[in-house]
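As structure tokens, the structure follows; a few thoughts come after it.
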Protein chains: 2
Amino acid sequence: MAEDVKKGMRSPGDPLRGGMDLMVLSILAQERCYGYGIQQQVARASGGTVRLPAGTLYPLLHRLEAEGLISSRWDAATGRRRKWYALTSAGRRKLKLQASRWQSYAACLQVLLRPLIGESS
Amino acid sequence: MAEDVKKGMRSPGDPLRGGMDLMVLSILAQERCYGYGIQQQVARASGGTVRLPAGTLYPLLHRLEAEGLISSRWDAATGRRRKWYALTSAGRRKLKLQASRWQSYAACLQVLLRPLIGESS
DNA sequence: CTCTATTATATCGAATATCGATATAAGGAG
DNA sequence: CTCCTTATATCGATATTCGATATAATAGAG
């Protein structure tokens, strides 16, 4: 149940390709949520600048579930028929890894971008 | 000579898909450089954590040049036969745009990631 | 001088993330 | 009843990334 670990996929492409994965995982790390709710959280967290289209979101959720990083459960207790997703322990590990890679990537980009933004120092 | 401007390019995929573009553009914004040198700068700026494989780099440079964002010029004055790239004015505009989008994306992710990293407060 | 590692650029094919369009269904407002 | 929003889903098109591979020139070791 972890055959994806050895599949490959190192290098910088990872933090980029899976950027949306990281967003979803980080949201689910705080509390369980359903697709549409995740979509709204992303929009809110970015002030509407970042969007997560349904055509991206749902295939992504299915993929994460297939990889065992999240688990799903239909629940209509809130009055609405929703598919709630929760992070698995494997998902938590993956999140840490992805977040770490992301930090590296973001830090690198910040180093390269800094001299172009403010040169007050 | 600017047919890419009207092509579309909304949504979050852009700052992700063109992540490497942004790196290359930001490096060339500081001073002209050649492929191999860019590769090394990325490695150095990230402490070796981020890599830009040749199979990614050169097609990327060719694409950016085809889009008119950078210009190339062979020059062996430094003792080595190298293809030097420089940012065009269109490239500078693109860089600003891409950087802005990147900031939005990075800010969003930081908001989502923050509560998972430090909970000391 | 010869041999090798590094520098330097290039291309191809495979893998795959993203997205617009599209479809479906259910709940609430008027 | 009708319409908008919520909510999930899938498909095909597109673009990016990367490993593998090839080539050539240069520097240094022996």
Given C:dT18, D:dT17, D:dA7, which nucleotide is nearest the side-chain atoms of A:Y58? D:dA7
Assess whether a salt bridge exists between A:D75 and A:R32, defined as any Lys/Arg side-chain N lying under 4.0 Å from an Asp/Glu carboxylate O. yes
Centroid separation B:Y36 to B:W84 less than 6.0 Å: no
For residues A:L112 and A:L116: do they belong to one hydrophobic cluster (side chain heavy atoms under 4.5 Å, members Ile, Leu, Val, Met, Phe, Trp, Tyr)? yes
Any donor-acceptor N/O pair, A:Q39 side chain to A:L52 backbone, under 3.5 Å: yes
Within the pair A:H62 and D:dT8, is there a side-chain N or O less than 4.0 Å away from OP1 or OP2? no
Rounded to whole angstroms, how far apart are CD1 on B:I38 and C1' on C:dT7? 15 Å
Using whole Å, report how far CE of A:M23 lies from C1' of C:dA17. 14 Å
For residues 40-48 of chain A, tabulate all N or O donor-acceptor pairs below 3.5 Å that involve a side-chain atom, not counting sequence neighbours.
| unit_1 | atom_1 | unit_2 | atom_2 | d |
| --- | --- | --- | --- | --- |
| A:S46 | OG | A:V42 | O | 3.0 |
| A:S46 | OG | A:A43 | O | 3.2 |
| A:S46 | OG | A:G48 | N | 3.4 |
| A:S46 | OG | A:T49 | N | 3.4 |
| A:S46 | OG | A:V50 | N | 2.9 |
| A:S46 | OG | A:V50 | O | 3.4 |

For A:G35, answer base if it contacts any base atom (sugar-phosphate contacts may also be present), sugar-phosphate if it contacts only those atoms, and nothing otherwise; contact means non-hydrogen atoms under 4.0 Å. sugar-phosphate
Just the rounded figure in Å: distance from P of D:dT10 to CZ of A:R63. 14 Å
Provide, to the nearest angstrom, the distance between the CG atom belonging to A:L57 and the C1' atom belonging to D:dT8. 9 Å
A:Y85 ring center near A:W74 ring center (under 6.0 Å): no
Identify the pairs formed between an N or O of the protein and an N or O of nucleotides 28-30 of chain C at a distance under 3.5 Å, and give each distance.
none

Go nucleotide by nucleotide along DNA chain C from the 5' end; which of B:Q40 and A:T56 gets its closest nucleotide reached first? B:Q40
With a 4.0 Å cutoff (strictly under), does any side-chain N or O of B:Y34 reach OP1 or OP2 of C:dA8? yes
Distance from B:L28 atom CG to B:L87 atom CG, nearest 0.5 Å? 6.0 Å
Whole-Å distance between D:dT8 P and A:D75 CG? 12 Å
Specify the separation, in whole Å, of atom CZ of B:R82 and atom P of C:dT6. 17 Å
Please classify the nucleic acid contact of B:W84 as base, sugar-phosphate, or nothing, using heavy-atom distances under 4.0 Å. nothing
Can you check the A:Y36 OH to D:dT6 P distance for me, whole Å? 3 Å
B:R81 atom CZ is separated from D:dA25 atom C1', nearest whole Å, by 8 Å
